[in-house]
Amino acid sequence: MQQSAFTKKLMHWNEVDNNRPMPWKGETDPYKIWLSEIILQQTQVKQGWGYYERFISNFPTVQDLAAAKDEAVFKLWEGLGYYNRCKNLLTSARFITKELNGKFPNTYDDIVGLKGVGPYTAAAIASFAFNLPYAVVDGNVFRVLARVFGIDTAIDSTKGKQQFTKLANKVLDTNQPGIYNQAIMDFGATMCKPFAPQCHICPLQSTCVGYQKGSVNLLPIKEKVLTKKSRWLYYFVIECGGKTLVHKRTANDIWQSLYEFYVLEANEQQDWTKTQVQQWFQQQLNVSDVALISVSPLQKQQLTHQLIKGQFISVKIDAIPKTLAHYEWVNNSDIHTLAFPKFINQYLETPTAQGQLF
DNA sequence: AATGCGGGGGT
DNA sequence: ACCCCAGCATT
């Protein structure tokens, strides 16, 4: 098949000007490629780099990952966000190990059937590990193609996804799909950047429709608007006999599979005086003897769709109250083996943020 | 088709 | 403040 001018120029740039090292570059082990791609979903290379190295070091093979304890894997993922990626990673590692005898699937259809693997990740694995001709379509590819070909179809619409996927596969270098896919993403990340693209030294300048029309900084188009909401989470860090009360989040909500302390969610800000804490414990847990240790200052955490605000109220009690469904008492020395959201780790790791002591 | 999921980094 | 990042699952 004849290559487009775009493809030729991109591949030439890749040969002479692309110097972007990454720990998984040139890797051919499908397990390692898969792991790197899951880590990199909606995550910048710089942020995922260290996580990849720690995962490979701890779990060199898919069998090692499949055999690991859930908590250990989540602890390693802690801080990376989008925790369902980690849950699906474990599900797929165990599926490959048990159902496929450890043999990683080697067709696009079988790869895309894995939990946590969608069109982008399947194309990446298929091309990098098996040299199959599937074009990746990620944020970089949307941006590069929208600008170079001057396409103003919204990339977050069904029509846009179809249009860009079709074009991406049309300009794919089918002789070396892996190298091409790596090249277009590197090009998007280093030259055709979201902000301050390097048009003045770009080898595609003369054929770039966006550059000719002066619309580079308007592309790509998105049509959906982000809505945000505020939540107040009040955490009671309850200690009793060297143990602390924790809960694994399971609800259809943020931080699924991570741990938290006893939580009270409110629709608005609340004050926590010593009297109010004592009243709350009496009403909620039927505990009357509460030693209030500290109340933290107001803490905030900005998520993509939510602004989390809240405080940490640390107390000690003498006797374990009535059984609390879905909560468990964990030895204080074991708390560090559990994965917590950043909102909670901020509190745990910053003693000075404990606030008012009682 | 629409919604929601984290945390880091840039402007 | 707002946007983006090697997207995906769910409804």
It should be established whether [X] places a side-chain nitrogen or oxygen under 4.0 Å from OP1 or OP2 of nucleotide [N].
X: A:K342; N: B:dG8; value: yes
X: A:N140; N: C:dA6; value: yes
X: A:K46; N: C:dC4; value: no
X: A:Q306; N: B:dC5; value: yes
X: A:Q42; N: C:dG7; value: yes

Regarding [X], tell me which of base, sugar-phosphate or nothing describes its non-hydrogen contacts under 4.0 Å with the strands shown.
X: A:I38; answer: nothing
X: A:V117; answer: sugar-phosphate
X: A:W24; answer: base

Residue mapping more 5' on DNA chain B - nearest nucleotide basis, A:K224 or A:Q301: A:K224
5' precedence on DNA chain B between A:Y82 and A:K193 (nearest-nucleotide basis): A:Y82
Does [X] contact [N] through a side-chain donor or acceptor facing the base, at a distance under 3.5 Å?
X: A:Y120; N: C:dG7; result: no
X: A:Q44; N: B:dG9; result: no
X: A:T121; N: C:dG7; result: no
X: A:T43; N: C:dG7; result: no

Any Lys/Arg nitrogen of [X] or [Y] sitting under 4.0 Å from an Asp/Glu carboxylate oxygen of the other?
X: A:R20; Y: A:D186; result: yes
X: A:D70; Y: A:R94; result: yes
X: A:K316; Y: A:D289; result: no
X: A:D253; Y: A:R231; result: yes

Measuring from the side chain of [X] (C-beta onward, heavy atoms only), which nucleotide among [options] has the closest atom?
X: A:Q47; options: B:dG4, B:dG8, C:dC5; result: B:dG8
X: A:R85; options: B:dG6, C:dC5, C:dA6; result: B:dG6
X: A:Y83; options: B:dG6, C:dG7, C:dT10; result: B:dG6
X: A:M185; options: B:dG6, C:dA6, B:dG4; result: C:dA6
X: A:P341; options: B:dG7, C:dG7, C:dA6; result: B:dG7
X: A:T158; options: C:dG7, C:dA9, B:dA1; result: B:dA1

Span that lies between the P atom of C:dA6 and that of B:dT3, in whole angstrom: 25 Å
B:dG6 and C:dC5, which share atom name C1', separated by this distance in whole Å: 12 Å
Proximity to DNA chain B (any heavy atom under 4.0 Å), residues of residues 252-262 of chain A only: A:D253, A:I254, A:W255
Quickly work out the [X] [atom1] to [N] [atom2] distance and round it to whole Å.
X: A:L80; N: C:dA6; atom1: CG; atom2: P; result: 13 Å
X: A:K228; N: B:dG4; atom1: NZ; atom2: P; result: 13 Å
X: A:L307; N: C:dA1; atom1: CG; atom2: C1'; result: 12 Å
X: A:Y134; N: C:dG7; atom1: OH; atom2: C1'; result: 19 Å
X: A:K159; N: B:dA2; atom1: NZ; atom2: P; result: 14 Å
X: A:N84; N: C:dT10; atom1: CG; atom2: P; result: 8 Å
X: A:R249; N: B:dG4; atom1: CZ; atom2: P; result: 15 Å
X: A:K115; N: C:dG7; atom1: NZ; atom2: C1'; result: 15 Å

For B:dG6, the Watson-Crick or wobble partner whose two distances fall under 3.5 Å: none
5'-most by nearest nucleotide on DNA chain C - A:N88 or A:T304: A:T304
Within 6.0 angstrom of A:K248 NZ, more than 12 heavy atoms from elsewhere: yes
Aromatic ring pairing A:F236/A:W272, orientation class (parallel under 30°, perpendicular over 60°, tilted between): perpendicular
Mutual orientation of the aromatic rings belonging to A:W77 and A:F55 [parallel < 30°, tilted 30-60°, perpendicular > 60°]: perpendicular
Partner of A:L285 by side chain to side chain contact (heavy atoms under 4.5 Å, CB included), out of A:I320, A:I317, A:I238: A:I238
Stacked cation flag A:R85 on A:Y82, 6.0 angstrom / 45 deg: no
Centroid-centroid distance, A:Y235 to A:Y347, less than 6.0 Å: no
